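Nothing here was measured: the structure is a model prediction, and the numbers come from that model. Scope of the values below: all heavy atoms of this structure, side chains included, with no hydrogens, waters or symmetry mates. Within every chain, numbering begins at 1; the chains are lettered A, B, ... in the order of the sequence lines, protein sequences first and strands thereafter.
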There are 2 protein chains.
Amino acid sequence: MKFPKISEAVVRRLPMYLRFLNELAKSDVQTVSSQDLGRRLDLNPAQIRKDLAYFGEFGKKGIGYDVGYLVEKIRGILKLDQEIRVALVGAGNLGQALCNYNAYLKDNMRISAVFDANPNRIGDRINQLSVQPMEELVRTVREQHVRIGIITVPATEAQRVADQFVEAGVEGIMNFAPAIIKVPSQIRVHYADFTIELQSLAYYLNRGETEEEE
Amino acid sequence: MKFPKISEAVVRRLPMYLRFLNELAKSDVQTVSSQDLGRRLDLNPAQIRKDLAYFGEFGKKGIGYDVGYLVEKIRGILKLDQEIRVALVGAGNLGQALCNYNAYLKDNMRISAVFDANPNRIGDRINQLSVQPMEELVRTVREQHVRIGIITVPATEAQRVADQFVEAGVEGIMNFAPAIIKVPSQIRVHYADFTIELQSLAYYLNRGETEEEE
DNA sequence: TAGATTGTTAATCGATTAACAATC
DNA sequence: TAGATTGTTAATCGATTAACAATC
């Protein structure tokens, strides 16, 4: 199941398709066309067909795509047909939020360990999990076959945590800290950088506007 | 200060430049070249020069860019030279995390009001702010001249909250809920969709790998 | 059969990169 | 002056969209 060189843009659309398809499945919709998908997701139908066609012929001409079948296929492509273990470092507000989201991530991703550098937090229970000290990270991650590491620590600590994850052998890192981290090239890093999102949003505000109707 | 049609990609790089420039300024670095920036941010220097040139001639040939001057310019472009008020709806884990981040967003964005639909949370204090009931959203947002709304509620409630923000006159919305929201076209929506980021990360994992050295 | 919709090729559009004259 | 680096034009690359034959 090897695929050609797929662009990042394509890969990032797959989870969007999946989410909508899951909604459709829940509503017992059997079939969906690229036009339906496009209307809902604000995408060009041709783009959707092209995206899917990179991975196989999932549709039927004249009919569209079988919802259940397409869900299975996309899950397979994204490797969500197996459980993927995740570890999180930084049990602060954001880290706790993500742990509790666990339900949300249910789509076969599971946070299976939480770590923190603050001794006061060690042993705290977050959504079934007990917060562990940093010293146990490498061993635990290896033992549990954790494949993705989530970083929710201050920017100054991000690189250090990333190094530990790398040492422990994770394959991907999701970094919420506002910092660029350096890792070996075979390890994939995705950023969730809230500040950048918010600052770029500011660009689109209307200039000035401090004067108001009183 | 009106600019030509700038692509989203360019706008999203500006905050990255800003962040690194701020670091340089703190280290008392006077001057930076597009090559320095590119090395650090993993971008092509030509791209950086081109990005900046959309907005003016900020550099000196043979020298580079003055760090302090460029910081001021980018802040102006992003409209961060004025305080931008932000309101947040959903005082759950994630909402609280973002409120406490307030320090981080200090770059002239300030969360000035927090709302929640849960009666038990009304009046709770989060980082100086008292959680208000949804009924007060429209009035408060108008009074405080809030320009950006942050949504951190469950997906099922996201559209309802967005509608309220729109009614109250915000100019931009930052949506953390895993749901697409519909708003009038003059209102800008940015998504911070953690699930999509994580699922697309899974794509890049190595297939299979459940068998391990034991 | 007529209508709908896919998969795919070709056309278009836009973004990134290279190259270089201008100049500090 | 020689070396460095910008701003900008031209070349390249890649992604999106249009179009349409195949076919359910």
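How far CZ of B:R19 is from CG of B:L21: 12.0 Å, rounded to the nearest 0.5 Å.
Place A:K60 and A:A9 on DNA chain D by their nearest nucleotides, and A:A9 ends up nearer the 5' end.
Nucleotide D:dT23 is matched to C:dA4 when pairs are restricted to Watson-Crick or G-U wobble geometry with both distances under 3.5 angstrom. Look at C:dC13: its Watson-Crick or wobble partner, with both distances under 3.5 angstrom, is D:dG14.
Classification of the A:F176-B:F194 ring pair by plane angle, with boundaries at 30° and 60°, yields tilted. Between B:Y204 and A:H190, the angle of the ring planes goes over 60°, which puts this pair in the perpendicular group of the 30/60° scheme.
At least one side-chain nitrogen or oxygen of A:Y65 sits closer than 4.0 Å to the OP1 or OP2 atom of C:dG7. An OP1 or OP2 oxygen of C:dG14 is reached within less than 4.0 angstrom by no side-chain nitrogen or oxygen of B:S7. OP1 and OP2 of C:dT5 both lie 4.0 Å or more from every side-chain N or O belonging to A:S34. The phosphate of C:dT16 has OP1 or OP2 within less than 4.0 Å of a side-chain N or O from B:R13.
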Are any protein N/O atoms closer than 3.5 Å to N/O atoms in nucleotides 17-21 of chain C? If there are, list each pair with its distance.
residue: C:dA18; atom: OP2; partner: B:N44; partner atom: ND2; Å: 3.2
residue: C:dA19; atom: N6; partner: B:R49; partner atom: NH2; Å: 3.2

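Classification of B:R12 and B:E8 as a salt-bridged pair fails, no side-chain N sitting under 4.0 Å from a carboxylate O.
Distance B:I48 CD1 to D:dT6 P: 9 Å, rounded to the nearest Å.
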- Item | A:D36 and A:R39: CA distance, side-chain angles, deciding distance, salt bridge (Lys or Arg N to Asp or Glu O under 4.0 Å) verdict | CA-CA 5 Å; A:D36 297 334; A:R39 202 177 306 115; 3.8 Å; yes
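Within the cation-pi definition used here (under 6.0 Å to the ring centroid, within 45° of the axis), A:K60 does not qualify as a partner of A:Y65.
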